[in-house]
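Okay, so here's the structure we're looking at.
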2 protein chains.
Amino acid sequence: MHANVKQNVVPLITPGLKLACSQCNLRELCLPFGLSEHDMGRLDSLIGGARKLKRGQHLYRAGDVFESIFAVKAGFFKTDVLTEDGRDQVTGFQMAGEIVGMDGISTEVHTCNAVALEDSEVCLIPFTELEVLSSEIRSLQHHLHKVMSREIVRDHGVMMLLGTMRAEERLAAFLLNLSQRFTTRGYSPTEFHLRMTREEIGSYLGLKLETVSRAFSRFQDEGLISVQQKHIRILDIPRLKTLLAPPDGRIR
Amino acid sequence: MHANVKQNVVPLITPGLKLACSQCNLRELCLPFGLSEHDMGRLDSLIGGARKLKRGQHLYRAGDVFESIFAVKAGFFKTDVLTEDGRDQVTGFQMAGEIVGMDGISTEVHTCNAVALEDSEVCLIPFTELEVLSSEIRSLQHHLHKVMSREIVRDHGVMMLLGTMRAEERLAAFLLNLSQRFTTRGYSPTEFHLRMTREEIGSYLGLKLETVSRAFSRFQDEGLISVQQKHIRILDIPRLKTLLAPPDGRIR
DNA sequence: AAGTTGCATTGACACAGATCAAAGGGGTAC
DNA sequence: GTACCCCTTTGATCTGTGTCAATGCAACTT
């Protein structure tokens, strides 16, 4: 289904590209959070350099041997799982400062695909070496655990969304989540470009692309947002939030 | 909605109950997996004892301060998230040898509830001390990471289920998953008691209890299983498996 | 600049699962 | 041992979302 099959060129590591964590403006969002200058230097020294990816390129594929986790330095990714029987589910969208690849730790093999949705750049963090260092730096160890736990909690949120919400509620939650993450990164909370297609949004939200499209249109008709293809402007955040909390209180 | 609100008695630790990991027949499924005798002894010494819970009792609640993770020693648990707006989603069912509570690591506060579905027993594993020990024992550290990663991968599986499967497919996947886990623990793969209600199954699978009940009945009519309240006998595992792989191949 | 291609929108209709309702069964507590 | 209550089953109907199909829009290629 994806048109990118041919783009399976293994992205090469770009050594000159390396930028120390201590210099990185994402350090407060990313793995080095809470480290001293000195410890950050130690983390720097194990990071295997950066890797640039063009839109559509895979960072890794299901079945690849797991060696590293990745910190998104710039750009936008999606992760998806696909099963033998042809099911395909987007499990997440990742942006700058977020960690990708932790699915591979459990079996030493990646269980999902990670694809760049725009030209992107990641820092490569060899996992075995990270474990060594984290056994020496208490705060690094603890933060790594927090990052993994946060992923578990995030997944619970998605399960809640998929299990209990209706189409418009899901889309509202999705937009508010993006808005919130853009805010954290210093971008506009109300105006942004979607990097993914309607189909990818639909897959993530457990909906068909037509349903996503219709929900966008309805939100626009009601003055909640303005949509022009992938360009979104949120016009009424408070009212969007009320969509998530059914007025009747739905106290089961 | 739950009738168990009054049973909020804090379960006390039962010191005499402590049974060393090395004596535990779950050690190959649980945290001590892969440890030497000696290291298992060190793990034993930090485990804070066992805790018994009656059916309906909470192991922890959303909002509780996070201090420990728990290994299920006997019994059966569910975890669920509930939001301010009254949504309620069962995020998992846990049985012997499985680890509960990792949702709390990220914010130091639990984000979901864990409730015993039958009289149960857990080992209490203080997390800070576990971190200390795991920085000293490489294989323990790595196994902890694997356990957390496995939880992430499991959640992806649930997202796939909720996002792409129809009611009967979800229930078939659920039964096969239980069957597989019972097998691992030496119980019958084909005959078991459900510890949870139709409503809890429905919440986990993103369905209403009536839909779950109807799907059970249809499976029974078709000779796939036999159902009598909570007692399940799987009659035809292969055919149940084919329900998961749509014959047309559904290659989107 | 025109043609191609993929993505998005919109409409009509179908259907799976939700909702509402009622009755039966089994386990639990007293 | 008995009574109550919760859980489960089953039916009838409703509805949100999927499906199928056609058109429109925009970006990229040559």
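A note on names: the letters A, B, ... follow the listed sequences, proteins ahead of strands, and every chain is numbered from 1.
Of the two residues contacting DNA chain C, namely B:Glu210 and B:Arg218, the nearest-nucleotide position lying further toward the 5' end is that of B:Arg218. Looking at which nucleotide of DNA chain D each of A:Gln228 and A:Arg170 is closest to, the 5′-most match is held by A:Arg170.
Separating the NE2 atom of B:His231 from the P atom of D:dT9 is a distance of 14 Å, rounded to the nearest angstrom. Following rounding to the nearest Å, B:Leu205 (CG) and C:dG17 (P) show an atom-to-atom distance of 12 Å. With rounding to whole Å, A:Leu171 atom CG is found 13 Å from C:dA8 atom P. Per the geometry, CD belonging to A:Gln229 stands 8 Å off P belonging to D:dA27, to the nearest Å. Atom CG in A:Leu194 sits roughly 17 Å away from atom C1' in C:dG6 (whole-Å rounding). The separation between B:Leu117 atom CG and D:dC6 atom P is 18 Å, rounded to whole Å. Whole-Å rounding puts the A:Leu209 CG to D:dA21 C1' distance at 13 Å. Residue A:His193 contributes atom NE2, which lies 13 Å from atom P of C:dA8 at whole-angstrom precision.
Applying the side chain to side chain contact (heavy atoms under 4.5 Å, CB included) criterion to B:Gln180, with sequence neighbours excluded, gives B:Thr184.
Taking 4.0 Å as the cut-off between side-chain N and carboxylate O, B:Arg87 and A:Glu169 count as a salt-bridged pair. Ion pairing of A:Arg185 with A:Glu98 is present here, as a side-chain N (NZ or NE/NH1/NH2) and a carboxylate O approach within less than 4.0 Å. Under 4.0 Å is where a charged nitrogen must lie from a carboxylate oxygen, and between B:Arg51 and B:Glu121 no such pair does.
Pairing analysis of DNA chain D (Watson-Crick: purine N1 to pyrimidine N3 plus N6-O4 or O6-N4; G-U wobble: N1-O2 and O6-N3; both under 3.5 Å) yields stems of 3 or more pairs at C:1-30 with D:1-30.
Contacts of A:Leu207 with the nucleic acid, taken as non-hydrogen atoms under 4.0 Å apart, involve only primed sugar atoms and P, OP1 or OP2. At a threshold of 4.0 angstrom between heavy atoms, the contacts of A:Gly206 are confined to the sugar-phosphate backbone, with no base atom among them.
For a distance-only test at 3.5 Å, the side chain of B:Arg166 fails to qualify as a donor-acceptor partner of the base of D:dG18.
Dashed line: the shortest gap from a side-chain N or O of A:Arg198 to OP1 or OP2 of C:dT9 is under 4.0 Å. Phosphate proximity of C:dT28 to B:Arg55: present, with a side-chain N or O under 4.0 Å from OP1 or OP2. The side chain of A:Lys230 places no N or O atom within less than 4.0 Å of a non-bridging phosphate oxygen (OP1 or OP2) of C:dC7. A sub-4.0 Å separation between OP1 or OP2 of D:dC7 and a side-chain N or O of B:Ser213 is absent. OP1 or OP2 of D:dG16 has not a single side-chain nitrogen or oxygen of A:Thr211 nearer than 4.0 Å.
Across D:dT17, C:dA8, C:dA18, the shortest atom-to-atom separation from the side chain of A:Ala167 is found for D:dT17. Minimum atom distance to the side chain of B:Ser217 is reached by D:dT9, of the listed C:dA12, D:dG11, D:dT9.
In plain terms, the two heavy atoms of B:Val153 and A:Asp103 that are nearest each other are CG2-O, 3.4 Å.
The environment of A:Arg233 atom CZ is sparse: at most 12 non-hydrogen atoms of other residues, nucleotides or ligands sit within 6.0 angstrom.
Note on ring orientation: taking the six-membered ring where Trp is involved, the planes of B:Phe192 and B:Phe182 are tilted (angle from 30° to 60°).
You'll find the side chain of A:Val81 stays beyond 4.5 Å of the side chain of A:Asn113, heavy atoms only.
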